[in-house]
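For reference, the structure is listed below as structure tokens.
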Amino acid sequence: MVQDRKYFDVLILGQGAAAFGAALYAARYRVSTAMFGGLFGGETAVGGVIENYPGAPQIDGYDLMLKMKEQVDALEVPIIQQNVTELRHQSDCWEVLAGDEWYQGSAVILAVGRERRKLGIPREDELVGKGVSYCSTCDAPLYRDKRAVVVGGGDSAVKGALLLAKYASHVFIVYRGEKFVRPEPIAVDQVETTPNIEALFNAQVIELRGEGSLSEVGVQYHDGGNRPLQVDGIFIEIGADPNSQMAQSQGAAVNDQDEIVVDKGMRTTVEGLFAAGDITDASGELKQTITAAAQGAIAATSAYEFVSTHPNRCAIHATGYTLDEQPPA
């Protein structure tokens, strides 16, 4: 089907919760839709067990994403298993390059999320979902009566430690600086008065140990001292960067955190370009599977309205061509 067709009403970039939410709604609006992405499931798929998604008291993130995909598959939305490497707009058409093929559409929904900053140490990727997490809000309840460490010194790290302390028996905060950086003062006060939180400053995690799952982290102090911590989990809260480069290349506005600025309909500042999920400023600091999926649904509704009020905007220009061919002028 995809090989024979290169034009769609709506092109959705991503394969996470926001993208599947958008695809589900767009398909039900009966606008021709295609999804693009080389990695299935986004952060939800690798986040381990989720306990805060309404209607699913406890579900593995990968399984939740499979259920979303099954709904979209049932509506026969094609999924091109390639990351989009180029986005451009000409002759009233949006064009995306995936692999060596160009695809065209009247509207684009960007739902490519953000890239979590990593420690960059051995076994970090191997132990994701097996003790390594990048989301305290998602996974804190899984560490009831266990020991955990939070890496970072900002607001998300401090609040993540406070949340973990409600479940875990002991929480370490490891930060390379001499003091926390820019968290809410009240949160710092709470950390200092919470008996099962221990802050380790001027230190960094240099090693992850364990057979099959995390059981110990190696911490090195800046003065050369070392300390092993027996823990069941590590939460890396050192920030994340929105994948907003494509939106910026088209002139879409971003805020000071490089999140795409959208209105209540998930419209960017560029006509026909929509965005949803963690890539946007729509839900503030709360970046969750439920907010991403909801924003995807809203973006699809706005894209449907846009396509409906701009009939044949792009179809008369759509040709479909490969990377080796000359694009339309």
Side-chain angles (χ1 to χ4, degrees), residues 15-16 37-50 60-63 65 83 112-161 163-165 167-181 197-243 245 278 287:
Q15 273 206 72
L39 182 63
F40 166 74
E43 287 195 21
T44 300
V46 297
V49 177
I50 294 175
D60 182 82
Y62 190 86
D63 291 338
M65 294 312 305
N83 287 325
V112 290
R114 53 177 61 208
E115 191 75 24
R116 288 276 182 173
R117 296 175 192 156
K118 298 182 177 181
L119 295 178
I121 60 177
R123 303 193 68 196
E124 183 175 356
D125 292 338
E126 173 192 342
L127 293 173
V128 169
K130 301 174 183 177
V132 173
S133 174
Y134 298 89
C135 181
S136 303
T137 307
C138 306
D139 297 337
L142 305 178
Y143 288 83
R144 189 179 300 276
D145 300 324
K146 297 181 179 182
R147 292 162 62 88
V149 57
V150 176
V151 180
D155 196 63
S156 61
V158 169
K159 290 181 178 177
L163 177 61
L164 270 167
Y167 302 94
S169 60
H170 197 85
V171 177
F172 298 95
I173 306 179
V174 177
Y175 183 51
R176 62 186 180 182
E178 297 181 353
K179 61 181 180 179
F180 296 123
V181 180
I197 295 180
E198 180 180 352
L200 310 179
F201 295 108
N202 295 313
Q204 61 189 61
V205 173
I206 60 170
E207 192 174 0
L208 304 174
R209 308 178 186 122
E211 295 296 329
S213 61
L214 184 70
S215 60
E216 183 177 280
V217 302
V219 173
Q220 183 177 71
Y221 289 94
H222 293 178
D223 63 8
N226 293 280
R227 179 179 176 181
L229 303 177
Q230 281 71 47
V231 295
D232 303 284
I234 180 171
F235 290 80
I236 301 167
E237 296 282 3
I238 57 176
D241 300 312
N243 293 315
Q245 297 87 348
D278 292 358
K287 312 294 185 185

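As the structure is a computational prediction, the values presented were derived from the model and not from experiment.
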Checking side-chain hydrogen bond (donor to acceptor under 3.5 Å, both in side chains) against Asp241, which of Arg117, Arg114, Arg116 comes through?
Arg117
Does Ile50 reach the side chain of Thr44, with side-chain heavy atoms less than 4.5 Å apart?
yes
Please confirm whether the backbone N or O of Pro242 pairs with a side-chain atom of Glu115, one donor and one acceptor, at under 3.5 Å?
no
Would you call Asn202 and Tyr175 a side-chain contact if the rule is heavy atoms closer than 4.5 Å?
no
With a cut-off of 3.5 Å and sequence neighbours excluded, list every side-chain donor-acceptor pair involving residues 223-240.
residue, atom, partner, partner atom, Å
Asp223, OD1, Gly225, N, 3.0
Asn226, ND2, Gly224, O, 3.3
Arg227, NH1, Glu198, OE2, 3.0
Arg227, NH2, Glu198, OE2, 3.4
Gln230, NE2, Glu216, OE1, 2.3
Asp232, OD2, Arg147, N, 3.0
Glu237, OE2, Ser136, N, 3.0
Glu237, OE2, Ser136, OG, 2.8

I need the Lys130 NZ to Ser215 OG distance, nearest 0.5 Å.
13.5 Å
Between Phe172 and Ile197, does a side-chain contact (heavy atoms from CB on, under 4.5 Å) hold up when you go through it step by step?
CA-CA 6 Å; Phe172 298 95; Ile197 295 180; over 6 Å; no
To the nearest 0.5 Å, what is the distance between CD on Gln204 and OH on Tyr221?
12.0 Å
With side-chain contact (heavy atoms from CB on, under 4.5 Å) as the criterion, how do Glu126 and Val132 come out once you've worked through the C-alpha distance, each side chain's angles and the decisive distance to 0.1 Å?
CA-CA 9 Å; Glu126 173 192 342; Val132 173; over 6 Å; no
Atom pair CD1/CD1 of Ile121 and Ile206 - distance to nearest 0.5 Å:
8.5 Å
Under 4.5 Å between any side-chain heavy atoms of Leu119 and Val151, yes or no?
yes
Between Ile173 and Ala161, what is the shortest heavy-atom contact and its length?
CD1-CB, 3.5 Å
Rounding to 0.5 Å, atoms CD (Glu178) and NE2 (His222) come to a distance of 9.5 Å
Quick one: pull up OG in Ser169 and NZ in Lys146 and give me the separation to the nearest 0.5 Å.
10.5 Å
Whether Asn243 side chain and Val112 backbone form a donor-acceptor pair below 3.5 Å:
yes
State which residues pass ring-ring contact (aromatic ring centres under 6.0 Å, His included) with Phe180; sequence neighbours excluded, sorted by chain then number.
Phe201
So, taking the atom named CG in Leu208 and the one named OG in Ser213, what distance separates them when rounded to the nearest 0.5 Å?
12.0 Å
Would you call Val150 and Val174 a side-chain contact if the rule is heavy atoms closer than 4.5 Å?
no
